[in-house]
Amino acid sequence: MRKKKWLTMTIVASVFLAACGLQEADDYIDENYTFIDAVQNSSNTNDRAMVYRTNKSVADTSAELVDIQEPEQVGEEVDGRQVLVYDNEFIILTEDPDNPGSTLVEVAEDEFVRTHYSPGFFTGMFLGSMLSGRFGSGWERTQTNKCRNNNDRCYSGGGYYGTGTFSSGSYGRGSTFRGGGPGEGK
């Protein structure tokens with residue numbers, strides 16, 4: 001009887017401790033990093049990405065977030081940028097050009113990335129098939145054409161902070177926009 005009670009208590013304690021350790025990466029970011037801005041569509045405030053800053057390098061930030069919650073995919077670090085892909089969101093890490101050694105952390109839902117990002121932003125981080133599998137087989141071609149025809153409609157992400165809003169189709173230009181993508185010099 002004593003062994004059974006001990007075993008039951010051990011199982012209950014293990015389950016409790018395991019549940020306490022479960023935290024989603026976006027919640028961790030919200031609780032532990034400095035909020036900088038919300039990049040959002042002025043006509044649809046639910047169409048947004050949240051931007052934070054941490055005083056850690058991209059590599060250290062990535063390792064920390066992967067330890068908190070295992071992503072579905074971890075992109076290669078390219079030019080001080082790295083992307084972690086979760087079930088329904090992307091977490092985009094970018095070296096902060098204004099604060100060496102710090103990282104800008106952007107949390108964007110799939111729909112924000114699908115609708116607003118330039119496919120060129122992800123060059124070298126993922127195989128194109130990952131994005132096509134996530135957003136549909138024609139996404140890269142359609143989005144590239146959209147960006148080519150009107151680059152103001154393509155948010156390059158990865159470190160934007162400034163006004164925090166854009167009207168449908170007119171974001172990025174003339175702001176304190178940071179990051180890569182077609183037409184964005186470094």
Could you please spell out the steps behind the side chain to side chain contact (heavy atoms under 4.5 Å, CB included) verdict for Thr103 and Tyr33?
CA-CA 10 Å; Thr103 299; Tyr33 297 170; over 6 Å; no
Classify the side-chain pair Asn32/Tyr52 by whether it contains a donor and acceptor separated by less than 3.5 Å.
no
Around atom CD of Glu64, are there more than 12 heavy atoms of other residues, nucleotides or ligands at under 6.0 Å?
yes
More than 12 non-hydrogen atoms from neighbouring residues, nucleotides or ligands closer than 6.0 Å to CD on Glu76, yes or no?
no
How far does [atom1] of [X] sit from [atom2] of [Y], to the nearest 0.5 angstrom?
| X | Y | atom1 | atom2 | answer |
| --- | --- | --- | --- | --- |
| Asp37 | Met50 | CG | CE | 8.5 Å |
| Asp79 | Met125 | CG | CE | 8.0 Å |
| Glu111 | Phe135 | CD | CZ | 8.5 Å |
| Glu24 | Asp87 | CD | CG | 8.5 Å |

Taking all non-hydrogen atoms of both residues into account, name the closest pair between [X] and [Y] and its distance.
| X | Y | result |
| --- | --- | --- |
| Cys147 | Pro119 | SG-CD, 4.3 Å |
| Gln143 | Thr115 | NE2-O, 3.1 Å |
| Gly80 | Val58 | O-CG2, 3.6 Å |
| Asp96 | Asp98 | OD1-N, 2.9 Å |
| Glu106 | Ala49 | OE2-CB, 3.4 Å |
| Ile91 | Asp26 | CD1-N, 4.4 Å |

Report yes if some heavy atom in the side chain of [X] is under 4.5 Å from a heavy atom in the side chain of [Y]; otherwise report no.
| X | Y | answer |
| --- | --- | --- |
| Gln82 | Val74 | yes |
| Tyr86 | Pro71 | yes |
| Glu89 | Val107 | yes |
| Leu65 | Ile29 | yes |
| Val113 | Arg134 | no |

Please determine whether side chain to side chain contact (heavy atoms under 4.5 Å, CB included) holds for the pair Phe90 and Leu84, giving the CA-CA distance in whole Å, both sets of side-chain angles, and the decisive distance to 0.1 Å.
CA-CA 6 Å; Phe90 284 61; Leu84 308 176; over 6 Å; no
Return the orientation label for the Tyr117 and Phe122 ring planes: parallel under 30°, perpendicular over 60°, tilted otherwise.
tilted
Answer yes or no: is there a donor N or O on one side and an acceptor on the other, between the side chain of Trp139 and the main chain of Arg114, under 3.5 Å?
yes
Taking it one step at a time, do Asp67 and Tyr28 satisfy side chain to side chain contact (heavy atoms under 4.5 Å, CB included)?
CA-CA 11 Å; Asp67 283 347; Tyr28 181 83; over 6 Å; no
